[in-house]
Amino acid sequence: MASTTVLLLQLVLVSLASASHHYGGMATYTYKGRNTDGSFNVDFRRRSTYSGCSSHHSWYCVVSGHCAPFTYEKGTIESNSIWCETELLSTIKVVNDKPFNMRAHSCCWVNTRNLVSNWYLLTLIDLGMRSDTREPNRSPDVSIIPYLRIPQNCPRTYKLMAFDPDGDRVRCRYGNIPTHECHQCSLPGGFTLDQDSCMLHYNSTTHHSSVFGFEMVVEDFPKNHISLTYSDRSRRSVTPLNLIHPVPLSKLPLQFSVRVESSAPSCQEGVYLPQFINPTPANGARVQAVLNKEMEIIVKAQVSMGRIQAIHVSGPMNISKHTNAHNEFVIKWTPLHNDLGDHYPICFVVDALHQSRVYQSEMRCVLVDITATQVKSHVICTETTMTVMVEKASFPRLHQDHLRLSDPTNTVCSLQTHSNSTHVIGVFPLNACGTQVEEDNDFLYFKNEITPFDNTADVITRKHLLEVQFYCQYPKRGNVTQGFLAHRTNVTVWDKGFGTFTYQFEFYPDNQFHTMIDPISYPLEYDLGSRIYMQIEATSSVSNTELFVESCKASPYDNPNYSQTYSIIENGCKVDPTVVIHPSSDVKEFQFSIEAFKFIGLHDQVYISCSLMMCEAGNSNTRCSQGCINSTSPAKRRKREAIIQSAHHFVSQGPLRLHRSAESPEATGTWNLNLNLVFIVGCLLAAVGMVCGVALYKAKVSKVKYQPLPHLEN
Ligand SMILES: *[C@@H]1O[C@H](CO)[C@@H](O)[C@H](O)[C@H]1NC(C)=O
Ligand SMILES: *[C@@H]1O[C@H](CO)[C@@H](O)[C@H](O)[C@H]1NC(C)=O
Ligand SMILES: *[C@@H]1O[C@H](CO)[C@@H](O)[C@H](O)[C@H]1NC(C)=O
Ligand SMILES: *[C@@H]1O[C@H](CO)[C@@H](O)[C@H](O)[C@H]1NC(C)=O
Ligand SMILES: *[C@@H]1O[C@H](CO)[C@@H](O)[C@H](O)[C@H]1NC(C)=O
């Protein structure tokens, strides 16, 4: 009997704790094909937001026996000090394609000021074949931040994300069937809802410590009259929305909490309320993501009063949020096989803090379209190198001779050296070829890209046909791995007008610069204040050239783009007071020394890196002949035809460490502390199976079009 409601979908014991703890919930479904026994598969995703992560809604089919779950996964979307939103994904086997309802209901919402206490969620699913698409209907894709906050004096509009993959008309209405769709069933005062555009407007009301519980319903209606045909040959006729009692194609619940807080001193965005700025995507933007490749959305906000504190995100399970070195938030997510052809909304808000008061931004949502990989590639990361391999067959119109890394001047950056007939292959060090280094709390990222260029004259075409971005990711905590201790070998560069030449950067034991320190003794240890002797030597087949060292710095990574550095030489001028430049008779040699300094001790180890150039010797118009320029005015630009000086090149050597002094227990303490704090790198052979190489693609010529879902029909 239908009266005995069987909890078919009770997959995990739900916590029916008496405490009031519910903040909202929603559900969507995707048809996933038909089984040989005539039954249908549906992926059913539902999100629930509670004060903790262990609770979630328990759904069941209203008609007992109509459906049965056969797999499920649970994941957390966001957990913070107030709420935790989780998602459960079940693949459900449905006995036939007739419309059916699924529901979930229980107690209790958090204390709400509109007296919503029980929660009721109802979904209508209909798998009949549409006369227009010849496929079962697809439900709208909905998403919302489950806990929205707004100052009472600041009117605001929330455009609810409600995208329909079939192009149907989506209506967002307030729940109106008591104990099925809602408990209180009326829109809270102070708000208005435009059902057709799914815009929720906050106008004005008083503030309160309790939230409003919102009990909304999202439905889709065809734009024209259609019919749904079922496997038993019966039909249902579905009319467009403008009739008296419209019956939707599908129905989804959308419940969330809104807290109206005391007045803000100003409602202008960017003062107390955070304002989104570039490169944050616009509300409603479409984002392309590729199967099995991590995608990123960068979100940046500003306030003039207070500071940006946190981002809140709602999207598919396993979505994660990070902060990068530019103080931007980065939302990351990786679509998996089962997601091909699907669309996932991702919503976000940003909180700012001013004198212990939180101000929340507007909400933005983007829609992620998942497509198949277009360019086949693979990235391998070791302790010192990145290897990128791209299948030539996946971009037939481009020749490898017209592809390059960000900065190809160093000869190790050539894509010709390792490529074979089927793959374009680049193998290069983490500190060269224009590789950018970025970090967040947990990881270091070394990023580069392969792009086409017009000809060997170094001009990058702006009409990119292909851009393969990739990176290596290294956890900051772990064991020191051997590779990050390795001595750096010679750097060989190619420069127009100077041809190929080599830089050698070595440490020496004393100011005689006779015998360089043996590479096997790296990392080198120094006592604080002892002298470090270094020599840079250039070898060029072109005679009449001189070497100029423009800048040198110490930093924990020898990547020219890493920003936490200690300057030793800048603009050809000594910056550290202990720098001594030792005169050398050879203009292609630069010998200098410096006292071991405290900066080294702030890090586990540091590298010394320098920016160098070659010039025509004796020419008074070159940068080399100008020496130290103590001003911000840039050196005079030279015409490209008269090549009298090269581009800047990067060399590095290290690592250096401070010697652990037995006599200084305080120093020892600091040292130990630093050892623990400092990142140590290794996404490596040690962590077998860990994905540390990731490639992202941008096809710039034609926007990736939506691709139909491949059905699992047998
Ligand atoms: C979520 O992440 C877990 C652990 O990494 C993984 O096993 C699971 O397949 C992921 N699920 C989805 C739907 O992304
Ligand atoms: C080219 O190199 C790739 C990667 O090492 C390898 O998988 C492929 O088999 C090679 N192709 C040929 C023709 O050697
Ligand atoms: C670091 O290495 C030591 C010895 O090789 C090992 O016992 C320890 O588990 C490692 N720690 C981590 C975090 O990998
Ligand atoms: C580095 O360059 C120096 C001089 O240019 C040369 O003598 C030395 O053999 C080179 N070392 C390696 C490992 O190639
Ligand atoms: C460079 O400028 C700074 C201040 O602008 C001054 O203190 C320093 O002495 C100058 N150095 C040289 C070498 O002129």
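Each ligand, and each atom within it, is numbered from 1 in the order the structure gives.
- Residue Asn420 places at least one N or O, backbone or side chain, under 3.5 Å from an N or O of ligand 2.
- Relative ring orientation between Tyr31 and Phe40 is described as tilted, the plane-to-plane angle lying within the 30° to 60° band.
- For ligand 2, the atoms sitting less than 4.0 Å from at least one non-hydrogen atom of Ile425 are 2 (O), 4 (C), numbered in the order shown with element in parentheses.
- For Trp59 and Phe44, the ring centers sit closer than 6.0 Å to each other.
- Within 4.0 Å of ligand 4, protein heavy atoms come from Asn490, Gln504, Thr539.
- The aromatic rings of Phe507 and Tyr522 sit perpendicular to each other, their planes meeting at more than 60°, with 30° as the lower class boundary.
- Tyr508 pairs by the ring-ring contact (aromatic ring centres under 6.0 Å, His included) definition with Phe513, not counting sequence neighbours.
- Close approach to Glu73 involves these atoms of ligand 1, each under 4.0 Å from a residue heavy atom: 8 (C), 9 (O), 10 (C), 11 (N), 12 (C), 13 (C).
- A donor-acceptor pair under 3.5 Å is absent between the side-chain atoms of Thr76 and the main chain of Thr86, judged by distance alone.
- Contacts between Thr334 and ligand 1 below 4.0 angstrom, taking non-hydrogen atoms only, are absent altogether.
- Of all the atoms in ligand 2, the ones that sit under 4.0 Å from a non-hydrogen atom of Thr422 are 1 (C), 8 (C), 10 (C), 11 (N), 12 (C), 13 (C).
- Remark: side-chain polar atoms of Ser584 are paired, donor with acceptor, to backbone N or O of Asp586 under 3.5 angstrom.
- Atom numbering of ligand 2 starts at 1 in the shown order; those under 4.0 Å from a heavy atom of Ser421 are 13 (C).
- Under the 30°/60° scheme for interplanar angles, the aromatic rings of Tyr503 and His649 are found to be tilted.
- Side-chain rings of His312 and Phe348 stay apart, their centers remaining 6.0 Å or farther from each other.
- Each of His56, Arg47, Arg46 was scored for a side-chain hydrogen bond (donor to acceptor under 3.5 Å, both in side chains) with Glu87, with one residue passing: Arg47.
- Annotation for ligand 2: atoms under 4.0 Å from non-hydrogen atoms of Met389 are 4 (C), 5 (O).
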